Amino acid sequence: MNIRSLTRGDGVVIGAAVVLFIASFLDLSGYECPSGVDCSGYSANAWDSLSVLMGIYLAGIIGAALLIVSRAMPGRKVVGFELGQFGAAFTVYSLWTMFWTIIDAGDAGAGLILGLLATLALAGGAVATPLVPALKAPLMGAPRPAQAVQPAYGSQPGQGYGYPGAQQQFGTQPGQQQPYGAQPGQQQPEHQAAPQASQGGGAPAGEFTPFWFAVPVARPLYGEDGAPNPIAELAPGTWYLAVEQRGPGLVAQTQDGRRGVLQDTTGIQRG
């Protein structure tokens with residue numbers, strides 16, 4: 001998965017899962033054992049209790065993993081539910097169980113206290129990410145590249161329409177109109193200007209010209225055959241090539257050569 005497709009909310013979920021894993025090795029009880037007394041039962045951590053381990057710590061970690069996997073495979077469902085929905089449910093269940101466990105504990109240790117904070121952040125990140133715009137923002141931004149991928153339509157880097165950082169060079173002077181149908185940088189004789197204009201040597205009106213673009217947030221790319229499952233995910237900070245207009249969407253080409261239909265083109269940035 002492209003790490004640039006992760007959001008800030010995903011970063012909160014990953015960080016909370018790491019803290020929850022560390023908390024599973026800490027003592028569940030804060031009881032101080034007197035010298036000379038066997039207190040092995042009071043210094044147990046989550047790995048010494050299967051119900052606590054599975055019901056709280058691993059449930060939260062599994063929920064975080066499902067949320068991140070759903071980002072890599074958008075639209076993937078299990079028994080009618082998306083993986084992200086399963087992951088959010090696991091994180092909420094982990095917080096619910098941890099809350100009542102720490103209330104029932106007579107003397108909560110570092111494992112329970114740190115675990116409560118981790119499950120609170122974990123469930124909060126899972127539930128609030130789709131709702132809070134700040135959490136939906138990309139986790140890592142990328143500077144606008146001067147050169148991205150080698151263009152696929154015969155143009156060289158830095159030349160041609162739509163390539164990021166490209167500059168068009170024409171043979172006409174500022175304020176002078178380029179003759180219709182003439183090549184850039186080429187002066188056209190006066191006696192040939194009218195015939196070529198009448199013959200329509202320029203590109204037909206409405207013809208699609210490939211261009212480079214970037215998406216503001218991660219968006220799925222669907223197959224050209226109309227299959228409902230995405231074949232790839234376009235990540236922010238990466239340039240893609242639009243090769244064809246398909247109704248309201250665009251046929252885009254990824255860096256590894258795959259082609260598909262981008263149905264949601266709102267807010268895209270043209271190169």
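Predicted, not measured: the structure shown is a model, and the values here were computed from it.
Between Val13 and Ala64, the shortest heavy-atom distance links the atoms CG1-CB, 3.5 Å. Of all heavy-atom pairs between Ala235 and Tyr240, the closest is N-OH, 3.0 Å. Among all heavy-atom pairs drawn from Leu250 and Ala242, the shortest one is CD1-CB, 4.1 Å. Residue Ala59 comes nearest to Gly55 through the heavy atom pair CB-O, 3.8 Å, listed as atom of the first residue, atom of the second, then distance.
Leu26 and Leu50 are members of different hydrophobic clusters when ILVMFWY side chains are connected at heavy-atom separations under 4.5 Å. Under the 4.5 Å side-chain heavy-atom criterion for ILVMFWY residues, no single connected hydrophobic cluster contains both Leu67 and Leu135.
Between Ile22 and Tyr57, the closest side-chain pair of non-hydrogen atoms is not below 4.5 Å. A heavy-atom distance below 4.5 Å is found between the side chains of Leu262 and Leu221. Looking at Val18 and Ile61, their side chains never come closer than 4.5 Å, going by heavy atoms from C-beta outward.
In this structure, the side chain of Arg258 engages the main chain of Ile231 through a donor-acceptor pair within 3.5 Å. With hydrogens and angles disregarded, no donor-acceptor distance shorter than 3.5 Å links the side chain of Asp27 to the backbone of Ser29. Looking at Ser49, its side chain never comes within 3.5 Å of a backbone N or O of Ala46 through a donor-acceptor pair.
Residues passing the side chain to side chain contact (heavy atoms under 4.5 Å, CB included) test with Glu224, sequence neighbours excluded: Arg246, Val251, Arg259, Val261. Not a single ring pair (Phe, Tyr, Trp, His ring centres under 6.0 Å) links Tyr222 to another residue, sequence neighbours left out. Partners of Thr101 by side-chain hydrogen bond (donor to acceptor under 3.5 Å, both in side chains), not counting sequence neighbours: none found. Residues passing the salt bridge (Lys or Arg N to Asp or Glu O under 4.0 Å) test with Arg219, sequence neighbours excluded: Asp264.
Atom NZ of residue Lys136 and atom CG of residue Asp10 lie 12.5 Å apart, to the nearest 0.5 angstrom. Residue Phe208 holds its CZ atom at 8.0 Å from CD of Glu244, rounded to the nearest 0.5 Å.
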List the atom pairs, with distances to 0.1 Å, where a side-chain N or O of residues 83-100 and a protein N or O form a donor-acceptor pair under 3.5 Å, not counting sequence neighbours.
unit_1 : atom_1 : unit_2 : atom_2 : d
Gln85  : OE1    : Glu82  : N      : 3.2
Thr91  : OG1    : Ala88  : O      : 2.7
Ser94  : OG     : Ile56  : O      : 2.6
Thr97  : OG1    : Tyr93  : O      : 2.9

Side-chain atoms of residues 110-130: list all donor-acceptor pairs with protein atoms under 3.5 Å, sequence neighbours left out, distances to 0.1 Å.
unit_1 : atom_1 : unit_2 : atom_2 : d
Thr119 : OG1    : Gly115 : O      : 3.0
Thr119 : OG1    : Leu116 : O      : 3.0
Thr129 : OG1    : Gly125 : O      : 2.4

*Check step by step if side-chain contact (heavy atoms from CB on, under 4.5 Å) holds for Thr254 and Leu234.*
CA-CA 8 Å; Thr254 62; Leu234 304 188; 4.1 Å; yes
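A cation-pi arrangement is not found for Arg270 relative to Phe213, the charged atom failing to lie both closer than 6.0 Å to the ring centre and inside a 45° cone about the ring normal.
The ring of Phe25 has its center closer than 6.0 angstrom to the ring center of Trp47.
Cluster note: Val217 groups with no other residue, as no ILVMFWY side-chain heavy atom lies under 4.5 Å from it.
Residue pairs meeting the ring pair (Phe, Tyr, Trp, His ring centres under 6.0 Å) criterion with at least one partner in residues 248-271, sequence neighbours excluded, do not occur; the list is empty.
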